[in-house]
Colleague: 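Once you've had a glance at the structure underneath, I'll fire off some questions.
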Protein chains: 2
Amino acid sequence: MTARHELTRNQALVFDALAKAESPLSAYTILDRLRDDGFRAPLQVYRALEKLLDYGMVHRLESLNAFVACAHPHCGEHGLIAFAICEKCGQVSEFSDTVIEQQVSDWTGRNGFKPSKTTVEIRGTCANCLNG
Amino acid sequence: MTARHELTRNQALVFDALAKAESPLSAYTILDRLRDDGFRAPLQVYRALEKLLDYGMVHRLESLNAFVACAHPHCGEHGLIAFAICEKCGQVSEFSDTVIEQQVSDWTGRNGFKPSKTTVEIRGTCANCLNG
DNA sequence: AACTGGTATGTTATCTTATTACATAAGTTG
DNA sequence: CAACTTATGTAATAAGATAACATACCAGTT
C-alpha cells in the first residue's frame, strides 16, 4: 500500500478486495466479499469507490459496470488509459497510449471541447482464450 | 427511413424516438415516450434496441447507459466511432477516427487479442456550454 | 387449409446497479 | 469546547436490465 493517500478503513478494504481479485468486480460483488468485515450496505462500497476513483487508484469499466485496481505501481500518474477486456475469461489488460491521447486532444482542441475523462475500452477475446 | 433494414413497428418507433431526440435517451425514457404507442414494458424497448444496435443504426453510450441514433446517413458502414459527450447540455458529437482505430488495431495485433467492439467516449464540456 | 419453423410480441416477475435521505460518529481547527 | 468537515451506518427507493413463459404473426411447404 502506497502512502500517497491515507486510506480509511473502508477504503482500504475495498481497495484490497479489488487488488486481490483476478478480474473486475461489481460494487455488489465487493459488498459480498466484505460482509465478514462488517459491510452491510451498497453505499459503503460506493463511497469508498468514489474516493479511490478520485485518487486514481481504481478504474471504472463503463462497459461492465465494474471496477479494477489500477495496474500501475504509482497510481494517478498516468494519462489516458485504455482497457482490453476479454469477454471469455474476464481478464482486463490496462495500457496507456499516448497516440490515442494525442488524437483525443487534437479533436477536443479543434472543437473547443474541454475533456474531463476519456474512456477507451476494447471488448473481445484474449490470446489465451483464443488458443484454449 | 432507409430501406437497408425492414424495421418492425416496435423497432421503427424506438428508432424514431431516438432520431427525434436532441440527446441520448435511456431505455426507460424511450419507454415513457412510447406509452401512447402502446409500449408497456422495458423489454419492448430493449428488444428493439438490440436489433437496432445490430444493424448499426443506434449506438450505446456505455458511460451514460443511454442510446443515440447513428449520426451517419448510411449507418453501419463505419469503423471505430468516438463520442464527445457534454456533461452540461447532454449533447453528443460522433466522429470516426482512423488513427485511433489503427492504434487499437496495432495493440490487439501485437497482443493476439481479437476485438469485437471498441468504445471511445470523451466526457467533458462542449464549446457552447463553455462560452455560455 | 393445415403444418412447421422462425421471428416478433406481450406480460409479469425478478435481478442488478446506483442514489437519496437521514441519523450518528469521529477527526480537525479556531 | 464549539464549529466544521469528513466518514459511517442504515433503510428505502430509483434506475437499468434480464429471465421465464405464453401468444401471435409470417413465411414456405405439403
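Here is how names work: the chains are called A, B, and so on, in the same order as the sequence lines, proteins then strands, and each is numbered from 1.
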Colleague: Measure the distance from CZ on F39(B) to C1' on dA8(C) and round it to the nearest whole Å.
Modeller: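 Rounding to the nearest Å, CZ of F39(B) and C1' of dA8(C) are 12 Å apart.
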Colleague: Could you state the CG-P distance from L13(A) to dT8(D), rounded to the nearest angstrom?
Modeller: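 Rounded to whole Å, this separation is 10 Å.
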Colleague: Taking atom P of dA17(D) as reference, at what distance in whole Å does atom CZ of R47(B) sit?
Modeller: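 Rounded to the whole Å, the gap is 16 Å.
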Colleague: Would you say N65(B) reaches dA18(C)'s phosphate, i.e. side-chain N/O to OP1/OP2 under 4.0 Å?
Modeller: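 Answer is no, no contact under 4.0 Å.
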Colleague: Round to a whole Å and report the spacing from CD of E50(B) to C1' of dT18(D).
Modeller: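 Going from E50(B) (CD) to dT18(D) (C1'), I get 11 Å.
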Colleague: Mapping T8(B) and R60(A) onto DNA chain C by nearest heavy atom, which one lands closer to the 5' end?
Modeller: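 In this pair, the answer is T8(B).
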Colleague: If I take atom CG in residue L64(A) and atom P in nucleotide dG16(D), what distance separates them, rounded to the nearest angstrom?
Modeller: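 Interatomic distance, CG of L64(A) to P of dG16(D): 18 Å.
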Colleague: Considering residues, nucleotides and ligands other than N111(A), do more than 12 of their heavy atoms fall under 6.0 Å from its CG?
Modeller: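 Counting other residues, nucleotides and ligands, CG of N111(A) exceeds 12 neighbours.
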Colleague: Can you tell which of dA18(C), dA20(D), dG16(D) lies closest to the side chain of Y46(B)?
Modeller: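 Taking heavy atoms from C-beta onward, the closest nucleotide is dG16(D).
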Colleague: Considering all heavy atoms of both residues, which atom of C86(B) and which atom of C126(B) are nearest to each other, and what is their separation?
Modeller: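 Reported closest heavy-atom pair: SG-N, 3.4 Å.
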Colleague: Do any side-chain nitrogens or oxygens of K51(B) fall under 4.0 Å of OP1 or OP2 in dT7(C)?
Modeller: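 It does not, given that no N or O in the side chain of K51(B) lies less than 4.0 Å from OP1 or OP2 of dT7(C).
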Colleague: So if I take every side-chain heavy atom of S26(B) and compare against dA18(C), dT11(C), dG16(D), which nucleotide ends up nearest?
Modeller: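 Side chain of S26(B) sits closest to dG16(D).
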Colleague: Can you tell me how far C1' of dT24(C) sits from CZ of R40(A), to the nearest Å?
Modeller: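 After rounding, the gap between these two atoms is 17 Å.
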Colleague: For residues E94(A) and A69(A), report the shortest heavy-atom separation together with the two atoms involved.
Modeller: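 For E94(A) versus A69(A), the nearest heavy atoms are OE1-O, 4.2 Å.
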Colleague: For Y28(A) and dA18(C), what is the distance between atoms OH and C1' respectively, to the nearest whole Å?
Modeller: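 Between C1' of dA18(C) and OH of Y28(A): 6 Å.
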Colleague: Toward the 5' end of DNA chain C, which comes first, A41(B) or R9(B), by nearest nucleotide?
Modeller: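 Final value for this comparison: R9(B).
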Colleague: L7(A) has an atom CG; how far is it from atom P of dT8(D), in whole Å?
Modeller: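 The distance from CG of L7(A) to P of dT8(D) comes to 10 Å, rounded to the nearest Å.
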Colleague: Quick check: closest heavy atoms across L52(B) and F15(B), and the distance to 0.1 Å?
Modeller: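 In this case the closest contact between L52(B) and F15(B) is CD1-N, 3.9 Å.
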Colleague: How about NZ on K114(B), more than 12 heavy atoms from neighbouring residues, nucleotides or ligands closer than 6.0 Å, or not?
Modeller: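 For K114(B), atom NZ is not crowded (no more than 12 foreign heavy atoms under 6.0 Å).
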Colleague: Checking contacts here: which listed nucleotide (dT11(C), dG9(D), dT20(C)) is nearest the side-chain heavy atoms of Q44(A)?
Modeller: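 Out of dT11(C), dG9(D), dT20(C), the nucleotide with an atom closest to Q44(A)'s side chain is dG9(D).
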